[in-house]
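Here the structure comes first, spelled out in structure tokens, and everything after it is commentary.
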Amino acid sequence: MKIFKFGGASVKDADGVRNLASVLQKTGISNKVVIISAMGKTTNALEKVIEIYFSESKIDTEYLKTYHTAILNPLFENTSHPVYAKVNLLFHELESFLQRNKSPNYDYVYDQVISFGELISTTIISAYLEKNEIENTWLDARNLVKTDHTYRDAKVNWDFTCENINKAVEKNKLYITQGFIASDANNFTTTLGREGSDYSAAIFAYCLKAEDVTIWKDVDGVFNGDPRVFENTTLLNEVSYSEAIELAFYGASIIHPKTLQPLQKREIPLFVKSFYHPENAGTIVSNGQKINPHIPCFIVKKNLVLLSLSALDFSFFVEENISEVFALLHKYQVKVDLIQNSAISFSVCVDNRFKQVDQLINHLRGKFRVSFNKNVSLYTIRHFTESAINQIEKDKEVLLKQLTRETVQLVTRE
């Protein structure tokens with residue numbers, strides 16, 4: 001059994017759906033489970049619906065209906081095709097939930113609403129494949145992947161999930177199902193958190209002891225830097241599980257560690273390939289070489305905040321102080337990307353994702369001397385060379401620099 005995963009960018013329009021069918025025909029249509037995300041920016045649009053819902057404004061799903069109709073119309077001969085009724089029913093279910101729901105729990109509402117993106121996309125794609133005589137079975141992932149009730153970041157119940165998947169999936173058939181979504185013991189929809197669709201692929205692969213997993217992207221594989229940010233990037237042919245986890249930890253847009261962990265347990269190789277060029281080898285993530293070719297890998301995270309703290313009386317900055325600082329970082333949901341300390345100071349480069357750094361700074365000023373720099377960039381170079389460091393440092397003010405055996409990190413202001 002092989003597991004394929006197609007993200008939203010790969011099925012953002014009718015041509016993308018046609019291309020998905022073409023990839024399946026070129027690679028074989030049997031003995032596969034295909035995991036599919038919501039189409040294009042549907043998840044973002046549904047998040048806007050949720051925002052409007054909680055602001056008690058009038059909810060309008062017409063944009064989403066129009067967007068999906070624009071995908072449906074070129075794929076099917078006329079609006080009498082049964083897929084139109086199925087998609088309309090899903091929109092009716094979405095609107096009914098928003099009208100009757102009484103729960104004030106944002107995370108619960110988020111999961112119930114956001115799941116419609118994947119349900120609609122897989123309904124359309126399954127019907128299109130059938131229309132083109134590609135026989136397939138549509139599966140509702142919520143009936144298979146069972147979790148706890150931690151909405152938006154649910155934890156998988158592996159025993160129940162593997163039992164369900166192995167009952168539902170037979171060899172030599174093609175299955176279409178959703179990424180990202182699952183359900184709890186009460187059958188309320190849950191979602192799997194960041195990179196949830198990739199994780200779904202790994203869950204199915206682990207439970208089915210799959211031959212391999214392929215994640216289809218709009219690039220040829222994993223590069224040694226984001227081509228949109230760094231010049232002259234190089235395709236990585238091979239990356240080990242551990243190296244992929246390291247790169248992801250530092251912020252590379254590679255595969256999330258939680259996706260890699262179940263694959264690593266079963267030693268299931270993961271391929272990252274281009275849906276435009278399915279014949280190309282792409283990148284393989286496995287127990288093989290650490291990285292091939294062995295070259296510097298560049299990662300950047302922007303719009304961070306560098307905080308530097310010292311005791312008010314210039315005493316040593318000891319474990320008690322550090323423990324207190326981390327408790328406050330946790331309280332204000334501030335993620336730490338880099339730490340450096342000396343006898344009398346402590347510096348952290350943090351992500352202000354939840355916009356609470358100003359509150360954190362005000363709290364810290366009650367006990368420490370605080371200085372800070374906003375809108376800094378954190379560059380990470382794995383397998384660095386002197387020329388790679390010089391390339392990053394050029395025309396930048398380096399505020400903090402940290403080196404280990406294989407990694408250098410630089411906080412810069414440009």
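Side chains are part of it too, since the values below use all heavy atoms of this structure and drop only hydrogens, waters and symmetry mates.
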Would you call [X] and [Y] a side-chain contact if the rule is heavy atoms closer than 4.5 Å?
| X | Y | answer |
| --- | --- | --- |
| Leu378 | Tyr250 | no |
| Leu64 | Phe91 | yes |
| Val272 | Lys217 | yes |
| Thr42 | His68 | yes |
| Asp15 | Arg18 | yes |
| Tyr175 | Glu170 | yes |
| Leu89 | Glu93 | yes |
| Tyr53 | Asn101 | yes |

Are [X] and [Y] close enough that a side-chain donor and a side-chain acceptor fall under 3.5 Å?
| X | Y | answer |
| --- | --- | --- |
| Asp220 | Tyr276 | no |
| Ser377 | Thr412 | no |
| Asp111 | Thr190 | no |
| Asp148 | Thr150 | yes |
| Trp138 | Thr122 | yes |
| His363 | Gln356 | no |

Can any side-chain N or O of [X] pair as donor or acceptor with the backbone N or O of [Y] at less than 3.5 Å?
| X | Y | value |
| --- | --- | --- |
| Ser200 | Phe180 | yes |
| Lys396 | Ile392 | yes |
| Asn186 | Phe188 | no |
| Arg142 | Ser183 | no |
| Thr283 | Leu236 | yes |
| Asn19 | Phe275 | yes |
| Lys146 | Thr161 | no |
| Asp351 | Arg353 | yes |
| Gln25 | Leu20 | no |
| Ser347 | Ser308 | no |

Does [X] have more than 12 heavy atoms from other residues, nucleotides or ligands lying within 6.0 Å of its [atom1]?
| X | atom1 | answer |
| --- | --- | --- |
| Lys301 | NZ | yes |
| His383 | NE2 | yes |
| Phe54 | CZ | yes |
| Lys155 | NZ | yes |
| Lys131 | NZ | yes |

Tyr84 and Asn73: side chain to side chain donor-acceptor pair (under 3.5 Å), yes or no, with the steps?
CA-CA 9 Å; Tyr84 283 87; Asn73 287 344; 2.7 Å; yes
List the steps and the verdict of side chain to side chain contact (heavy atoms under 4.5 Å, CB included) for Val49 and Leu98.
CA-CA 10 Å; Val49 168; Leu98 293 168; 3.8 Å; yes
For Cys297 versus Ile291, what's the shortest heavy-atom pair and its separation?
SG-CD1, 3.3 Å
What closest approach, in Å, do Phe372 and Arg365 show between heavy atoms, and which atom pair accounts for it?
CE2-NH2, 3.4 Å
Between Phe76 and His81, how do the two ring planes meet: parallel, tilted or perpendicular, split at 30° and 60°?
tilted
Relative to each other, are the rings of Tyr106 and Tyr110 parallel, tilted or perpendicular (30° and 60° limits)?
tilted
Salt-bridged, [X] to [Y], with N to O below 4.0 Å?
| X | Y | value |
| --- | --- | --- |
| Asp358 | Lys374 | yes |
| Glu211 | Lys32 | no |
| Arg382 | Glu243 | yes |
| Lys58 | Asp60 | no |
| Glu393 | Lys401 | yes |
| Asp107 | Arg152 | yes |
| Lys5 | Asp198 | yes |
| Glu279 | Lys26 | no |
| Lys65 | Glu95 | yes |

Rounded to the nearest 0.5 Å, what separation is found between the [atom1] atom of [X] and the [atom2] atom of [Y]?
| X | Y | atom1 | atom2 | answer |
| --- | --- | --- | --- | --- |
| Asp184 | Thr189 | CG | OG1 | 8.5 Å |
| Phe4 | Phe271 | CZ | CZ | 10.0 Å |
| Thr43 | Lys48 | OG1 | NZ | 15.5 Å |
| Tyr151 | Ile114 | OH | CD1 | 15.5 Å |

For Leu208 and Asn166, run side chain to side chain contact (heavy atoms under 4.5 Å, CB included): C-alpha distance rounded to whole Å, both residues' side-chain angles, the deciding distance at 0.1 Å, then the answer.
CA-CA 6 Å; Leu208 294 168; Asn166 279 286; 3.7 Å; yes
Give the intermediate values and the outcome of side chain to side chain donor-acceptor pair (under 3.5 Å) for residues Thr69 and Thr66.
CA-CA 5 Å; Thr69 300; Thr66 301; over 6 Å; no
Is there a salt bridge (Lys or Arg N to Asp or Glu O under 4.0 Å) between Lys290 and Glu406 once you walk through the steps?
CA-CA 12 Å; Lys290 189 169 191 176; Glu406 293 193 272; 2.8 Å; yes
Using side chain to side chain contact (heavy atoms under 4.5 Å, CB included), reason through Val408 and Gln402 one step at a time and then give a plain yes or no.
CA-CA 6 Å; Val408 61; Gln402 189 174 94; over 6 Å; no
Out of Thr137, Asn136, Leu174, Thr177, which one pairs with Ser126 under the side-chain contact (heavy atoms from CB on, under 4.5 Å) rule?
Asn136
Checking side-chain contact (heavy atoms from CB on, under 4.5 Å) against Ile203, which of Val156, Ile3, Ile35 comes through?
Val156
Run Met1 and Val33 through side chain to side chain contact (heavy atoms under 4.5 Å, CB included) and show every step you take.
CA-CA 8 Å; Met1 185 67 69; Val33 176; 4.1 Å; yes
Please list, chain by chain and in numerical order, all residues satisfying side chain to side chain contact (heavy atoms under 4.5 Å, CB included) with Thr385, sequence neighbours excluded.
Pro296, Ser387, Ala388
